[in-house]
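Basis for what follows: all heavy atoms, side chains included, without hydrogens, waters or symmetry-related copies.
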Amino acid sequence: MNNGLHFKINGMHCVACAARIEKALASVEGVKKAQVNFITEKADIETEFPSPSLIKAVLAVIEREGYNGKLYNSASSHHGMVHSAPNYLDLLIAIVFSLPLVLHMIGFSVAPYLQLICASVVQFWSGRRFYRAAWISLKSFTGNMDLLIVLGTSAAYGYSLVGVVLNAHDLYFEAGAVVITLVLLGRLLEERAKKSANAAVQSLMSLTPITAFVEREGSYVEVLTHDIKKDEHVLVRAWQRIPVDGYIFQGTSEVDESMITGESLPVLKKEGDRVIGGTTNTSGILYLIATDVGNRSTLSRMVHMVEEAQASRPPIQKFVDQVSAVFVPTVLLLSCLAFGGWILVGASFSKALLVSVSILVVACPCALGLATPTAIVVAMGAAARKGILVKDLESLESLRKIDLIVFDKTGTLTKGEFSLTFSKSLSDLSQDQALLLAASLQKGSEHPVAKAFLKAIKGQNLFEIEDFISLPGKGVQGKIQGKLYSLGSEVLMDESGLSVPITRKSDQTVVYLADESQLLGIFYLTDLPRKRAAETIKTLKNMGLKTVMLTGDTKEAAQLIGDKVGISDVVAKLQPKDKINYVKAQEQHHHIVAMVGDGVNDGPALAAATVGLAMGSGTDVAMDAAPITLMRPDLQLIPKTILLSKKTFRVIQENLFWAFIFNIVGIGFAAFGHLSPEIAGGAMAASSVMVVMNSLRLKRG
């Protein structure tokens, strides 16, 4: 988030807690948007002015709601995520003091007053957190699972307390004590599962070394990594992690980028190559110039994108939120109706009470609340490990429904690494002079075509450019020594009123150089298809998806690439606005479209598509426009992302199905007297753990 504040929140027990805090934070003056994530125990606040008074107001609201909040810096906290520690002591006390009550339940004689003492310890010491949370819930006129637990166990305890005073035989202390013990055990297991679910993000966070060696006043000194500034010189020795993104200005080594890009083999890096913070230098000494530091580093952006995705809610969660809003009042009503019904049919007060308590306990909506967020957290972690970053869960949910994938050509289906294979002067200029003019027009550009020209004249002094203009999808223009030159496609030449010669049919890209009155040169550049591009297209077709290629290149060059990768539907000579129009037209014809691109000119189309996937090797514009980024240039990540989308939402649907079925069946059994409070508590805890374990299947991708 821009202008964001980040808070750690301890004490949340369920998704309802997170929802209540989120609602309270959204009402604070100065807060534009609030997101609270139960799994990561984080609150992200978006605000115009992150002032000290606002921070104090947010912390006060968190405390008012009954939780502990702490401001933290997301950049400096990336060395580990701190979860609130489970209270093992409360669970241990509950187990010890519940044992005499369980022994009494199975036939051993335990004195009533000893039962009362044991039950009181469990009820009011081990169970105090439930009372505190239930009181806060009542004050805010909302219901949560803690309220159900308190009502159910207090009813059993209160009835038994009266029984001890009146010397009655029917005591049900064990019902409340065992339920509290089982719920505490269930929460302990949930906490462990939450940590496991978020392990991938924690692994990413731990990649950045705490310290690094930076040149200060002529010598390299050890400093904290987050103190490194842009353009500083950084020394990285063999088998050290690279602290920041940067470029090598001295040294050669192999770098293990597997945790960032998924590439299993180390990559040879030499002078001028880019390196990513968090990767490992496996051999020689490297000297870097820091480029992206702090929150701008690749690793920080990856962690931030994953955390934002985990905190957001997919559309399917809206349905769950609507159900949860009426769930607790409905359960309370059913519990009261069951109690009255059993009294009306002549049952004893104790029997009616046990039925009522069982309904309250078995209906606790833990599993329902955990169904979506646990699956999302695990899926985002699995995706990050594969090199897939998801910013928008709505897009991930839509991805499973797509039927058409539109590909950009250059840099997406092809490597985007052009080589100048042929050049020819079409005027009095020599071939070298024409090439120097063309390269000068591309000075400072990061476009793949520009890199090919600059590589071809490496070492030569370029001309100074004035009035430079970039024409996306067409080319560039600029003045050299007062004269206007154009470099670009046939379309740009046509618009300049110049006719181009007929070129041979080839998969090479043709670029023309011209001044205001004539063509000066022609250049052929080769860009080969990406490795496994054809395999990816075949996989997508086998999945029943239609594939299309969009490009600004000539029809002939595009079709030859299309033939090589297996795409027959090729649309050529397109400008950026044409790509948007094509995507929108397909959506109007009831297609659900995914767009895959990498360049500045792909940004609008990526944003216009139902789902945009940006190649991580491309431009920041493309990655900002697309809700999904493929961090390494492996097209096989596309079908993997689609399969992950389908699997994630299948797991969510399974979780929701079993959570609903469990509650419906459980309430039914309890209402008809076939479920004791103890068994109801165990079943409730088991259902929550089952949902988490089902979500953890997504770890395998």
Worksheet item: Is there a side chain to side chain contact (heavy atoms under 4.5 Å, CB included) between Ile522 and Val510 once you walk through the steps?
Response: CA-CA 7 Å; Ile522 183 171; Val510 183; 3.7 Å; yes
Worksheet item: Hey, does Asp527 have a side-chain heavy atom less than 4.5 Å from the side chain of Lys415?
Response: yes
Worksheet entry | Side-chain (Thr414) to main-chain (Gly411) donor-acceptor, under 3.5 angstrom | yes
Worksheet item: Are the side chains of Lys269 and Val267 in touch, meaning some heavy atoms are under 4.5 Å apart?
Response: yes
Worksheet entry | Pairwise distance CD1(Ile402) to CD1(Ile592) - rounded to 0.5 angstrom | 8.5 Å
Worksheet item: Just by modelled atom types, is the Leu454 backbone N or O under 3.5 Å from a matching donor or acceptor in the Gln442 side chain?
Response: no
Discussion item. So does Tyr524 get a backbone contact from the side chain of Thr421, meaning a donor-acceptor N/O pair under 3.5 Å?
Written reply: yes
Discussion item. Which heavy atom of Gln636 sits nearest to which heavy atom of Thr536, and what is that distance?
Written reply: NE2-OG1, 3.0 Å
Fill in: Counterpart residues, side chain to side chain donor-acceptor pair (under 3.5 Å), relative to Asp563 (two or more places apart)
Gln559
Worksheet entry | Under 3.5 Å donor-acceptor, Asn694 side chain and Met690 backbone | no
Response to the item:
Heavy atoms of Ala383 and Leu644 approach each other most closely as CB-CD2, 3.5 Å
Discussion item. Counting only heavy atoms from other residues, nucleotides and ligands, does the tally under 6.0 Å from NZ of Lys555 exceed 12?
Written reply: yes
Worksheet item: Would you say Ser645's side chain and Thr641's backbone share a donor-acceptor pair under 3.5 angstrom?
Response: no
Worksheet entry | Check: Lys647 main-chain N/O paired with Arg400 side-chain donor or acceptor under 3.5 Å | no
Worksheet item: Could Lys229 and Glu232 be called an ion pair, given the rule that one side-chain N must be under 4.0 Å from one carboxylate O?
Response: no
Fill in: Verdict with reasoning, Leu613 to Leu637, per side chain to side chain contact (heavy atoms under 4.5 Å, CB included)
CA-CA 10 Å; Leu613 296 99; Leu637 288 179; over 6 Å; no
Item to complete: Just jot down the ring pair (Phe, Tyr, Trp, His ring centres under 6.0 Å) partners of Phe523, sequence neighbours excluded, or say none.
Response: Phe453
Worksheet item: Checking side chain to side chain contact (heavy atoms under 4.5 Å, CB included) against Leu635, which of Met615, Lys531, Glu535 comes through?
Response: Met615
Worksheet entry | For Ala452 against Leu525, the heavy-atom pair lying closest together | CB-CD2, 3.4 Å
Worksheet entry | Nearest heavy-atom neighbours spanning Ala558 and Lys409 | CA-CD, 4.2 Å
Worksheet entry | Evaluation steps, side chain to side chain contact (heavy atoms under 4.5 Å, CB included), between Ile638 and Thr539 | CA-CA 10 Å; Ile638 297 169; Thr539 301; over 6 Å; no
Practice prompt. Please answer whether the main-chain N or O of Gly284 pairs with a side-chain N or O of Asn281 as donor and acceptor at a distance below 3.5 Å.
Written response: yes
Worksheet item: Can you find a heavy atom in the side chain of Val565 that is under 4.5 Å from one in the side chain of Phe407?
Response: no
Worksheet item: Are Val275 and Val236 close enough, and set up right, to give a side chain to side chain contact (heavy atoms under 4.5 Å, CB included), and what steps lead you there?
Response: CA-CA 11 Å; Val275 290; Val236 185; over 6 Å; no
Discussion item. I need the Thr291 OG1 to Asp231 CG distance, nearest 0.5 Å.
Written reply: 8.5 Å
Worksheet entry | Contacts of Lys270 that satisfy salt bridge (charged side-chain N to carboxylate O under 4.0 Å, His left out) - sequence neighbours left out | Asp273
Discussion item. To the closest 0.5 Å, what do you measure between CG (Asp598) and CG (Leu413)?
Written reply: 10.0 Å
Item to complete: Go through the side-chain N and O atoms of Ser695 and Asn655 and say whether any donor and acceptor fall under 3.5 Å apart.
Response: yes
Item to complete: Over all heavy atoms of both residues, which pair between His589 and Ala585 is shortest? Give the atoms and the distance, please.
Response: ND1-O, 2.7 Å
Practice prompt. Name all residues meeting the ring pair (Phe, Tyr, Trp, His ring centres under 6.0 Å) criterion together with Phe213; count only those two or more places apart in sequence or in a different chain, and write none if there are none.
Written response: none
Worksheet entry | Ala379 versus Leu698, closest heavy-atom pair with distance | CB-CD1, 4.1 Å
Discussion item. Salt bridge check, Asp408 against Lys579: does any charged N sit closer than 4.0 Å to a carboxylate O?
Written reply: yes
Fill in: Asp227: salt bridge (charged side-chain N to carboxylate O under 4.0 Å, His left out) partners, not counting sequence neighbours
none
Worksheet item: Taking C-beta and beyond as the side chain, do Ser297 and Val244 meet within less than 4.5 Å on heavy atoms?
Response: no
Worksheet item: Who pairs with Glu254 by salt bridge (charged side-chain N to carboxylate O under 4.0 Å, His left out), at least two apart in sequence or on another chain?
Response: none
Worksheet entry | Interatomic spacing from CD in Gln240 to CG in Leu286 - rounded to 0.5 Å | 10.0 Å
Practice prompt. State which residues pass salt bridge (charged side-chain N to carboxylate O under 4.0 Å, His left out) with Glu654; sequence neighbours excluded, sorted by chain then number.
Written response: Arg697
Discussion item. Going by salt bridge (Lys or Arg N to Asp or Glu O under 4.0 Å), name the pairs with one or both residues in residues 540-549, residues two or more places apart or in two chains.
Written reply: Lys546-Asp569
Fill in: Validation row: Thr551, Ile561 side chains within 4.5 angstrom (heavy atoms)
no
Item to complete: Would you mind reporting whether Leu396 and Met380 have side-chain heavy atoms less than 4.5 Å apart?
Response: yes
Fill in: For Phe249, ring pair (Phe, Tyr, Trp, His ring centres under 6.0 Å) partners two or more places apart
His233
Discussion item. List the residues meeting side chain to side chain donor-acceptor pair (under 3.5 Å) with Arg274, not counting sequence neighbours, and say none if there are none.
Written reply: Thr298
Worksheet item: Between atom CG of Asp245 and atom OG1 of Thr279, what is the distance when rounded to the nearest 0.5 Å?
Response: 8.5 Å
Worksheet item: Can you check whether Thr208's main-chain N or O pairs, donor with acceptor, with Arg241's side chain at less than 3.5 Å?
Response: no
Fill in: Side-chain touch Phe418/Thr526, heavy atoms, less than 4.5 angstrom
no
Worksheet item: Does Leu540 reach the side chain of Ile642, with side-chain heavy atoms less than 4.5 Å apart?
Response: yes
Item to complete: Check side chain to side chain donor-acceptor pair (under 3.5 Å) between Ser470 and all other residues, then give those that pass, not counting sequence neighbours.
Response: none
Response to the item:
Rounded to the nearest 0.5 angstrom, the CD1-CD1 distance for Ile242 and Ile276 is 8.5 Å
Practice prompt. Could I get the full list of side chain to side chain donor-acceptor pair (under 3.5 Å) partners for Ser440, not counting sequence neighbours?
Written response: none
Discussion item. I'd like to know if the side chain of Ser395 reaches the main chain of Val611, judged simply by a donor and an acceptor atom lying under 3.5 Å from each other, with no hydrogens or angles considered.
Written reply: no
Fill in: Flag, side chain of Thr225 to backbone of Ile210, donor-acceptor distance under 3.5 Å
yes
